[in-house]
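Below you'll find the structure, written out as structure tokens, and then a few comments.
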Amino acid sequence: MPLTLPPAHEHLTFMSPMSQARADGLVDFLTRDLPHDATVLDLGCGWAELLLQAVAAHPSCRGIGVDTNEVSLAHGTDLAAARGLTERVELLAADARTAGPPAADAVICVGASHIWQVESAEPQPIPYEAALTALRERTVRGGRVVYGEGIWSRPPTPQATAPLAGRLDEFGSLAELAEIATRSGFAPVIVSEADQGEWDEFESGYLAGHARWLAEHPADHPDADEVRQRAARQRAAYLGGYRGILGLAYLGLVAV
Ligand SMILES: C[S@@+](CC[C@H](N)C(=O)[O-])C[C@H]1O[C@@H](n2cnc3c(N)ncnc32)[C@H](O)[C@@H]1O
């Protein structure tokens with residue numbers, strides 16, 4: 001039987017380093033001035049927490065999330081029901097490159113640019129331009145986009161790149177990303193990145209599933225060594241590698 005750790009949503013509110021204060025600001029940016037019958041589209045939505053918060057913040061918009069991970073979507077569907085949003089939220093199990101409406105009034109895409117990655121045997125740089133071009137095509141003129149993606153916060157070291165794709169050009173800087181967004185047909189309004197506290201909370205939440213598994217299984221369980229090793233690798237990758245170097249940019253963009 002393959003080893004199954006508790007799903008990330010059991011220990012994380014968002015599948016990215018994002019505080020509730022940041023989410024509130026991004027939701028306000030997305031939903032302020034939205035038309036009455038607006039559509040908010042989340043491409044690579046995971047369990048769609050930010051989409052659900054956007055729909056809850058607006059009295060009449062509808063939300064559509066698209067993802068290929070059925071476990072995450074099932075959790076998002078439960079969250080929507082628990083918040084009384086079922087009537088206004090649709091979560092589609094499909095490829096976000098083609099599924100969902102052709103264009104929406106507001107679009108979310110956080111940590112999911114790889115959807116537009118050209119397949120390759122080798123790890124590739126994040127396809128910012130392909131993702132932002134696709135997002136622009138899916139956003140009405142004047143519509144708003146929240147785009148979140150990895151960046152280098154500081155020049156990468158060999159210790160930082162080793163547990164990631166192993167290449168210095170995997171990510172760009174925040175300034176480069178804002179430039180690519182502008183080239184892709186957006187006017188940036190919010191240009192920000194997650195702080196260290198958001199990162200530490202995210203990485204801790206990610207590892208909490210490993211700790212829970214170890215607490216719930218006997219120490220000599222046949223999979224226990226594997227779980228301990230995975231947790232140790234992740235801790236070393238973060239604390240001894242990319243902490244403070246890998247960043248997460250959050251852009252608030254207007255389609256122009
Ligand atoms: C890092 S997660 C981000 C999830 C969510 N946006 C969030 O911030 O919580 C990336 C998501 O992209 C989804 N994904 C990958 N390829 C996809 C595709 N072709 N179409 C739709 N979703 C895809 C994955 O299943 C995963 O849920």
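Counting starts at 1 for both ligands and their atoms, in listed order. Please read all numbers here as calculations on a predicted model, not as lab measurements.
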For [atom], which of [options] has the closest heavy atom?
atom: atom 2 (S) of ligand 1; options: G65, A8, G111; answer: G111
atom: atom 25 (O) of ligand 1; options: D67, L73, V110; answer: D67
atom: atom 6 (N) of ligand 1; options: G46, A93, G44; answer: G44

Does E137 pair with R97 as a salt bridge, N-O distance under 4.0 Å? no
Run through E203, R154, Q159 and flag the one making a side chain to side chain donor-acceptor pair (under 3.5 Å) with Y242. E203
Tell me, please: is [X] in heavy-atom contact with ligand 1, that is, under 4.0 Å?
X: G148; answer: no
X: M18; answer: no
X: S72; answer: no

In the protein, which heavy atom is nearest to [atom], and how far is it?
atom: atom 19 (N) of ligand 1; value: D95 OD1, 3.2 Å
atom: atom 20 (N) of ligand 1; value: A96 N, 2.9 Å
atom: atom 23 (C) of ligand 1; value: T68 OG1, 3.5 Å
atom: atom 15 (C) of ligand 1; value: H114 NE2, 3.6 Å

For S153 and E193, does a side-chain donor sit closer than 3.5 Å to a side-chain acceptor? yes
Are side-chain N/O atoms of S19 and E198 paired as donor and acceptor at under 3.5 Å? yes
Going by the order shown, which atoms of ligand 1 are within less than 4.0 Å of some heavy atom of [X]?
X: M15; answer: 7 (C), 9 (O)
X: A94; answer: 20 (N), 21 (C)
X: N69; answer: 25 (O)

Would you say ligand 1 has an N or O under 3.5 Å from any N or O of I115? no
I need the single residue from L92, D78, L91 that forms a side chain to side chain contact (heavy atoms under 4.5 Å, CB included) with L73. Which is it? L91
Should S16 and Y250 be marked as a side chain to side chain donor-acceptor pair (under 3.5 Å) after you check the CA-CA gap, both sets of side-chain angles, and the distance that decides it? CA-CA 10 Å; S16 68; Y250 292 108; 3.0 Å; yes
Indicate the ring-plane relationship of H9 and H75, choosing parallel, tilted or perpendicular according to the 30° and 60° boundaries. parallel
Taking a hydrophobic cluster as the set of Ile, Leu, Val, Met, Phe, Trp and Tyr residues connected by side-chain heavy atoms closer than 4.5 Å, whether directly or through intermediates, do V256 and V146 fall within one such cluster? yes
Do R144's NZ or CZ and the ring of F29 fall within the cation-pi criteria of under 6.0 Å and 45°? yes
